[in-house]
Amino acid sequence: MDFHFTEEQLMIRDVARRIAQERIAPTAAEFDISGQFPLDNIKVLGENGLMGIEVPAEYGGAGLDSIGYTLAMFEIAYADCAHSTIVSVNNTLYCNGLLKNGTEEQKLKYVTPIATGEAIGAYALTEPQSGSDASAMRTRAVLSEDGTHYVVNGKKSWITSGPVARYIMLFAMTAPDKGAKGISAFMIDTQREGFHRGKTEPKLGIRASATCEIELTDYRIPVEDRIGAEGEGFKIAMGVLDAGRIGIAAQAVGLARAAYDAAVKYAQERKSFGQAIGSFQMIQAKIADMKCRLDAAELLTLRAAWAKQESLKTGARFSTEASVAKLYASEAAMYITHQALQIHGGMGYSKEMPLERFFRDAKITEIYEGTSEIQRLVIARNETGLR
Ligand code: CAA
């Protein structure tokens with residue numbers, strides 16, 4: 001692993017930092033309260049290449065690598081976790097998923113508008129009865145007799161950016177008797193007949209990242225919009241999630257760093273018993289424990305991004321590195337935001353400061369794109385070869 005960043009990687013980090021600090025940080029509390037989708041901010045991110053960081057320029061992206069993406073995610077999550085969720089799903093689950101598995105026509109049609117931020121993309125795997133057990137999905141895609149299209153019926157839940165997405169990568173059963181090997185992947189256009197949006201989820205945190213159910217009723221998908229071969233959908237979904245989990249790890253690191261920096265500043269400034277609280281050993285121990293976890297999370301996330309980058313040359317899977325980073329960074333974010341709030345005392349509990357938002361936002365990183373329990377399962381299965 002090379003600890004030196006290239007000029008391009010530093011450039012995208014700086015662009016992300018500037019937009020995050022100038023536009024996102026000042027509006028984050030407002031969006032948290034209103035729960036509105038930050039469309040104008042997302043458009044600016046898109047215009048600056050941040051909605052398709054790893055997408056080659058011919059499909060409208062910034063043409064950077066996974067390290068560049070990770071550095072940019074650190075900056076955006078530092079300013080606001082909810083914005084970084086929208087950026088992460090757009091970049092990895094959607095754009096990278098299509099880049100890796102789509103045909104040339106699919107990339108031109110479905111990646112370009114999303115990578116430029118003209119439209120928003122989403123990823124639909126989870127269903128009301130199947131979250132961690134993703135292959136237990138019931139959404140059914142039936143090939144028409146003339147073989148020209150599929151007819152899809154079913155419900156998907158917890159769709160990040162679902163309320164605003166134009167295109168969605170959808171997973172559905174084409175051969176239910178085959179289990180995971182009977183799942184196929186498709187592209188859907190939310191403007192076609194048979195697509196319905198359900199209730200928007202009222203959430204604890206990342207409130208500006210809109211999440212909803214979607215329902216498909218006799219929705220027709222032309223065969224040319226199937227991604228990969230029939231039955232390859234589950235492997236596509238899992239491969240895409242490996243990349244997505246690095247984005248969530250990066251998000252957790254950015255958020256944790258925001259909480260950590262606030263805690264250090266407060267510990268230096270707040271006086272109690274005649275001295276700065278940071279001079280008390282109990283606060284010092286908290287700062288030291290937070291710092292160790294923050295640095296470890298950052299390094300594990302960069303290692304996972306590096307492994308993903310290497311996989312382009314070797315074809316090797318990077319599931320373990322991605323799950324280790326996601327598991328460790330999300331638990332570190334939960335710990336660090338909790339301790340940072342505690343150091344702030346009553347002020348940490350008040351909406352006058354961002355600590356309570358950081359704490360609420362951190363929780364989701366232990367849940368979406370695979371819970372901490374699922375990350376442990378993936379790591380242990382990969383390490384032992386046992387199931
Ligand atoms: N890459 C490629 N292929 C993979 C893979 C990967 N990472 N992981 C598994 N596979 C393959 C396996 O090799 C296997 O293929 P073979 O039979 O040919 O060997 C096939 O897929 C089935 O694998 P498993 O038997 O391991 O599948 P399983 O049913 O036991 O499930 C699981 C494994 C790890 C539990 C998986 O279901 C999982 O990751 N669940 C969590 C789902 C999840 O993360 N959901 C998040 C939803 S998306 C979201 O949150 C997005 C958002 O909006 C922010």
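Atoms within each ligand, like the ligands themselves, are counted from 1 in listed order.
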Would Arg387 count as being in polar contact with ligand 1, using the rule that some N or O on each side must be under 3.5 angstrom apart? yes
Less than 3.5 Å apart, any donor N or O on the side chain of Arg226 or Tyr150 sitting next to an acceptor on the other? yes
Looking at Gln251, Met238, Glu373, Arg245, the heavy atom closest to atom 6 (C) of ligand 1 belongs to Met238
Donor-acceptor pair, Gln251 side chain versus Cys81 backbone, under 3.5 Å? yes
Would you confirm whether any non-hydrogen atom of the protein falls under 4.0 Å from atom 19 (O) of ligand 1? no
Check this for me - ligand 1, Val378, N or O atoms closer than 3.5 angstrom, yes or no? no
Any Lys/Arg nitrogen of Lys181 or Glu230 sitting under 4.0 Å from an Asp/Glu carboxylate oxygen of the other? no
Under 4.0 angstrom from atom 41 (C) of ligand 1, is there any protein heavy atom? yes
Identity and separation of the nearest protein heavy atom to atom 21 (O) of ligand 1: Phe234 CD2, 3.5 Å
May I ask you to identify the nearest protein heavy atom to atom 47 (C) of ligand 1, giving residue, atom name and distance to one decimal place in Å? Thr126 OG1, 3.3 Å
Reported OG1-to-CD distance for the pair Thr301 and Glu321, which is rounded to 0.5 angstrom: 12.0 Å
To check your reading of the model: name the closest protein heavy atom to atom 12 (C) of ligand 1, its residue, and the distance in Å. Lys235 CE, 4.5 Å
Atom 37 (O) of ligand 1: nearest protein contact (heavy atom, Å): Ser132 O, 3.3 Å
Candidate pair Ile343 and Ile287, rule side chain to side chain contact (heavy atoms under 4.5 Å, CB included), full reasoning: CA-CA 9 Å; Ile343 288 172; Ile287 302 278; 4.1 Å; yes
Tyr335 six-ring centre to Arg293 NZ/CZ under 6.0 Å and within 45° of normal: yes
Given the protein's heavy atoms, is any one of them under 4.0 Å from atom 51 (C) of ligand 1? yes
May I ask you to check whether Phe171 and Phe234 place their ring centres under 6.0 Å from each other? no
For a 4.5 angstrom cut-off between non-hydrogen side-chain atoms, does Arg220 reach Arg192? no
Give the atoms of ligand 1, by number and element, whose distance to some non-hydrogen atom of Leu93 is under 4.0 Å. 51 (C)
Give the atoms of ligand 1, by number and element, whose distance to some non-hydrogen atom of Ser319 is under 4.0 Å. 7 (N)
I need the contact type for Ile159 against ligand 1. Using non-hydrogen atoms and a strict under-4.0 Å cut-off, is it side chain, backbone, both or neither? neither
Which is it for Asp242 and ligand 1 at heavy atoms under 4.0 Å: side chain, backbone, both or neither? side chain
Between Arg138 and Ser130, is any pair of side-chain heavy atoms under 4.5 Å apart? no
Heteroatom proximity flag, Glu369 to ligand 1, N/O under 3.5 Å: yes
Compare Arg381, Gln375, Arg317 and give the one whose heavy atom is closest to atom 8 (N) of ligand 1. Arg317
Taking 4.0 Å as the limit for heavy-atom contacts, which would you say applies to Trp158 with ligand 1: side chain only, backbone only, both, or neither? backbone
For atom 48 (S) of ligand 1, what's the nearest protein heavy atom and its distance? Tyr123 CE2, 3.8 Å
Shortest protein contact, atom 29 (O) of ligand 1 (heavy atom only): Ser135 OG, 3.6 Å
Is there side-chain contact between Met169 and Ile227, with at least one heavy-atom pair below 4.5 Å? yes
Glu373 with Arg376: basic N within carboxylate O range, under 4.0 Å: no
Could you verify whether a donor N or O on one side chain and an acceptor N or O on the other, from Thr27 and Asn41, lie under 3.5 Å apart? yes
With a 4.0 Å cut-off on heavy atoms, is Ala122 in contact with ligand 1? no
Lys203 atom NZ, over 12 foreign heavy atoms within 6.0 Å: yes
Nearest protein heavy atom with distance in Å, relative to atom 54 (C) of ligand 1: Thr160 OG1, 3.3 Å
Are Tyr123 and Tyr94 close enough that their ring centers fall under 6.0 Å? no
Applying a 4.0 Å heavy-atom criterion (strictly less than), which segment of Ile248 is in contact with ligand 1: side chain, backbone, both, or neither? neither
Do any nitrogen or oxygen atoms of Lys181 come within less than 3.5 Å of a nitrogen or oxygen of ligand 1? yes
